[in-house]
Every structure is written in C-alpha cells, then in structure tokens.
Amino acid sequence: MTGQEPIVIVGAGPAGIAAAGVLVAAGLRPVVIDQAGTGGGQIFRRPEPQLSRTLEDLYGFDARRARRFRDDFHRLLPNIDYRPRTEVWDAKPGVLHLVDNGVVGIQRWSRLILATGAMDRVIPIPGWTAPGVYSLGGAQIALKAEASLIGRKVVFSGTGPLLYLVSYQYAKAGAEVVLLEAGRPFSDPGNLLPLASGGLGFAKGVYYMAWLRAHGVRLLTDSSPIEITHDRHGRAAGFVFRRRGVVTRLPCDAVAIGFGLQAETQIADLLGVAFHFADLQRQWLPVADAEGRASAEGVYLAGDGLSVRGSEVAALSGEAAAMALLKDIGRPRPAMFGRHRVIRRADRFRHALDRAFPFPVTAVCDLDDRAVVCRCEGVTAGAIRATASSSGETEINRIKSFCRVGMGRCQGRLCGPVAAELLAGMASENIQSVGRLRSQAPLKPLPLATLAGTR
Amino acid sequence: MNWERGMKMFAWLDTPARSLELRSTCRVDVLVDGKAISARLGETVLTALRINVGHLHAFDFAPEARAGFCQMSACQDCWLWRLDGTRLRACTSLVETGLELSTMPPEQRQ
C-alpha cells in the first residue's frame, strides 16, 4: 500500500456523500463507488429523467433535505472520481475488485470508507417467493424511482417506522392498503417520552399514522402473518394473519414485507473487520470507534452499514469518518462542532424506536416447517430444523454446509439472520453462539464470461 | 420547527388520497420470449416485466415463477437472459430499444 493510492468511498448515499464533502473540502479527490446510476442511496434514490416528479412528490417531508443532497452531490461531482453503476464483488487489504457494466476491474485504496447502507430485514412468510411479494424497501423504490405501484390492493406486513411511511405513500398514490403491524409499538408507556424526544422524526411518524386512520386505511397492530396465498398462476392473491386468536384472510394482489432494516456489512467482513452483536437491533454489526475507525487498518465505517440509525445520523457519521481519516493522515480538519451531541440525541430516539418496534423473534421460531427460508436454494424451515437435530450442530456456517441455507446467489443476505434465529430458538441457545454467516466473494453474482474478461 | 412547517404538519386534513399521476412518457418495445411488450423509458426491466408479463424467470429447482423481491440488487432473484445467452439483473437494468429477453435459460428454449 503506497501513499499514492486514492482514498475510496463505497456508497453514495447520505453517509458516503457527506464523507466525500469533507475530503474534498480538505483538498482531496476521493474515488466514490456507487451501485446506482446517480448519487442518493436508497433514501434519495432518483428516478430516470423520463419518470421524474417534483422533489416534494418524490420525497415528501424530506424534499428539502433531498434538494440539499442533490446540490451537494452536483457541487462535489467535478472534484470526486465518481463511478456510477459499479459494484464491489471482492475486497482485500488495499484492493477492491469491481464490476462495472459487465467489465471487471481493480481499485486500489490507501484508506477506505464503507458507507454501504442497509436493506430490509425479512421474515419468510410461507408463500413469500411468489410474484407480487416484494420487500418493503422494494415497494418504495417502485413508487419513488419508477412511479409504479407493486399492486392495487397491497398488504404491508412487518414492523418498524418504514412500514408506516411506505403504507402512507401507497395509500396517497391511490392503492388500497392494509397495514399489519406485528408488534404493539406503544404498549410500553415508559417508552413514550424517549420516543417523543425524537421531535420532528416522531411527529412525522404520528402524522403518517393519523393520515392513514383519517383516510380509513386498516392499521392493525399485534398481527402475526401466517401465509401468503396464491392464485392459479402462482401469483400472490391473499394474506392470512392471526390477530388476538382470530385468523383472517385478506384478498390482495401484492404484499410488501419489512421487519426493520439490517446493515449491509459484507465488504467489512471480507476485510476482517471485527463484529459485535447489537442486542437492541438484534443483528451483528461491524465494530468501530466513536469516529468510525474500524478494527481493520485504514478502514472506516459510516451510515446505516455501521448501525441502522437513519439518514440524518448517516450523514453525520459520514462526516465523522472522513474527519477521523484526515486526522489519521495528518491533515488539518474542521472541528466537529456539536455533531457528537446531535448523534447522541438521535441515538436516544433510535433506541426508543428499536424498543417500540423490536424484531419479532417468536414469529421466526414459530415459522411453519414448509416456509421457504432460503429463496435461492429453496431450503425450508423444516429442512434447517431437521439438519440441526440430525447433526447436533447449531453453528450457522456448519448448518450452511450441510443443507445449503445461505449458499445461494444472495449470499445469505435474506436467510442468514432468519436461519440463525431458528437455530437459536431450537437449541434454546443464545443467538450469539449460533454465529453469523461468513461473507464470501463474489459478493454479487458474476458471470464467468465477465470474470474472464470476454464480456 | 418554525411556524410554517408546523402548520404543514396539520395540512393532512385537507389532502385527499389521490391517484398516482403517471406522467405520459416515451415508450419502448421490448421483446420477451418472442412477444413484444410496451415499457416506459426510464423503468427497469423488473418493473416492465412485473407490469406486462408477471414473472421474470422460474425458480431453479422447481416449477415456480419468480418476479424478484428486494428491487435493490441484494436478493439476486431477478436474473434473466438476453437472447444471446448473456445474463441480466432486472432490477438494475433499464429497458432500452432493441432489448430482447428470455425468461428461460438458453438450453430450455426451442
């Protein structure tokens, strides 16, 4: 690794672009690798020009922040080495392996800021692999980036703030919406004050709920999903759930599933960054110090890929990581006026949200044996349970090699956390002792012809 | 929060639900399994096929239609084929003129 190699940022959402802004202000020219065609991440994801709408229409209350983000991004563009539509498929100290429009390449780095964001956490409701069933984030992307709804009669099943936001956006866009919240977010009166400390963030949530109620949208808490039924073409056609002992079947033409968010951490894992189990978020997260330095040399972490805390904290943590980097390479850096205080306050609200919308562990433990947990390889909950009991093993990587759960194209992104909960529940073991799936290259599927450089 | 923003928070009483206005857009024909579908320029292959075909490919190990899931290139359940046999991920590929796709692998096509 020479000092000549560039600083590389992976991700161009709020965290990545905030980090880039600090580095550019210090006179550096970072490489910014973006999976999308233009900056924004998922939160400020931009439609193609043909399908564009006003910022107010696209981002609602966040329009102002979206405009500021866009302005920042375009101002930075001449001063960064921006690589749109580029994915990282392997990472080693000092090197990233990329694929860009079917062409593989190498990007060396002297310092690396990972701002890889988060994705939906899913519970594999039996029948979820059918056409018409999408992740909650996916449902929002269809609307935001492509002015299209996943269906006209949509059931939103899951938990967490995003469930209310996307339900609201769909109802507003003319869809017939039913919102089935798995938990009981306001059942703990002791959590109300910490929630209210969220100020505007909390007010927005209350607004979405009030809007949904005022417009006659069915919003049922304490609703456990049982099954997604299909029509004769195999498409999603109904949603069966249990609420206070009563089983109900709702007709629908689409389902969105989202049980909170999980950090996208594969690149950090390949680089040997240490992980810890975050009890409240109930997921493995990469370890970083208060400023974002990871345990691997020259690696910094920011945004939801470090810890799911939302886009405002993501931007602050991106700036913090870039400033830590500047300090480490001996450059002067601007002062962090009050940022840590803002992050701490936002953390308090986030903890309250995590308590209000916990991941429903029992819903995973109670999964029907026929539920397909790993949609790539078709491994059912029953197969995972049978493998665990016949082998006597509960370590997730061993279970993977026995029954292929997590071995498919998505690299266990969707099924890994579910399989871990199943194994822990079965053995009445601590979820931490089950471990986490080790990341493997290629992180995204890569046709052999691409790797061979023939295409 | 200033006054104007505060008032905006209560404006919901006046905003009725409305249909999503799809701006009239340029359309493009895409060939899927030999049949032409009309897609909006600017949309992904996933959305075009979700709306016009209903599925993208079959699950590898059973006769079960799949139409993607995450729409953010994480789940990898939306790969299909160009007619030349190369593969394409539907959620990150935009429709374009002259695109010819197959929902079946080359060896299963007649």
Side-chain angles (χ1 to χ4, degrees), chain A residues 35-37 42 47-53 85 87 102 119-120 122 128-135 137-139 141-143 145-150 171-175 199-200 203-204 207 210-211 214-215 233-235 264 375-378 408-411 413-414 444-445 447 449 455, chain B residues 1 5-6 8-13 15-23 25-28 40-44 46-51 53-56 58-79 84-89 91-95:
Chain A
Q35 183 180 281
Q42 299 303 349
E48 293 298 310
Q50 299 93 339
L51 297 176
S52 202
R53 292 173 282 148
R85 298 194 185 281
E87 284 186 330
M119 66 173 291
D120 296 283
V122 169
W128 73 301
T129 56
V133 184
Y134 290 97
S135 75
I141 286 167
L143 175 55
E146 305 194 52
S148 173
L149 303 172
I150 61 166
K172 228 179 143 192
L200 198 58
K204 278 191 249 178
Y207 168 85
W211 192 96
H215 289 82
H233 304 292
R235 295 185 45 81
E264 175 79 5
R375 62 186 289 143
C376 303
E377 298 290 314
R409 290 185 197 112
C410 89
Q411 294 275 15
R413 280 181 180 83
L414 295 179
K444 302 277 170 91
R455 195 197 147 76
Chain B
M1 195 183 352
R5 259 169 109 185
K8 255 192 200 161
M9 298 297 280
F10 295 100
W12 58 275
L13 283 169
T15 55
R18 56 166 177 70
S19 286
L20 178 67
E21 269 178 57
L22 295 183
R23 178 191 279 214
T25 51
C26 311
R27 300 191 82 91
V28 58
R40 298 171 299 160
L41 263 182
E43 74 185 353
T44 58
L46 188 147
T47 297
L49 268 70
R50 174 171 59 73
I51 295 170
V53 180
H55 74 282
L56 294 159
F59 176 48
D60 306 61
F61 309 113
E64 180 192 316
R66 292 279 175 93
F69 179 71
C70 77
Q71 306 201 34
M72 53 182 102
S73 70
C75 79
Q76 315 300 335
D77 204 358
C78 65
W79 286 81
D84 66 4
T86 57
R87 305 193 59 150
L88 167 146
R89 186 173 55 204
C91 74
T92 48
S93 307
L94 297 174
V95 294

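Convention: sequence-line order gives letters A, B, ...; per-chain numbering from 1.
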Heavy-atom pair of closest approach, residues B:M72 and A:D120: CE-OD2, 3.4 Å

B:R89 with A:E87: basic N within carboxylate O range, under 4.0 Å: yes

Option in A:K444, A:Q411, A:M119 with maximal non-hydrogen atom pairs under 4.5 Å from chain B: A:K444

Where B:G54 and A:R235 come nearest, the two heavy atoms and their spacing: O-NH1, 3.3 Å

Structural part of B:E43 lying under 4.5 Å from a heavy atom of chain A: both

4.5 Å side-chain heavy-atom contact, B:L46 and A:E146: no

Heavy-atom proximity to chain A below 4.5 Å, by part of B:T44: both

Part of B:T92 within contact of chain A (heavy atom distance under 4.5 Å): backbone

Over all atoms of both residues, closest heavy-atom pair of A:S148 and B:I51: OG-CD1, 3.6 Å

Contact class of A:P445 relative to chain B, heavy atoms under 4.5 angstrom: both

Check: B:D60 and A:R409 side chains under 4.5 Å, non-hydrogen atoms: yes

Heavy-atom proximity to chain B below 4.5 Å, by part of A:R413: side chain

Minimal non-hydrogen separation, A:T129 against B:E64, with atom names: OG1-OE2, 2.6 Å

Contacting region of A:E377 [heavy-atom separation from chain B under 4.5 Å]: both

Atom pair CG (A:L414) and SG (B:C70), whose distance is rounded to the nearest 0.5 Å: 7.0 Å

Approximate separation, where rounding is to 0.5 Å, of B:Q71 CD and A:Q42 CD: 10.0 Å

From OG1 (B:T47) to CG (A:L149), nearest 0.5 Å: 11.0 Å

Shortest non-hydrogen separation from A:E48 to B:L94 and the atoms involved: CD-CD1, 3.4 Å

Non-hydrogen atoms of A:R375 and B:G68 that approach each other most closely: NH2-O, 3.7 Å

Closest-packed option against chain B by number of heavy-atom pairs under 4.5 Å, given A:G234, A:G199, A:P131: A:P131

Proximal component of B:F61, with respect to chain A [non-hydrogen, under 4.5 Å]: side chain

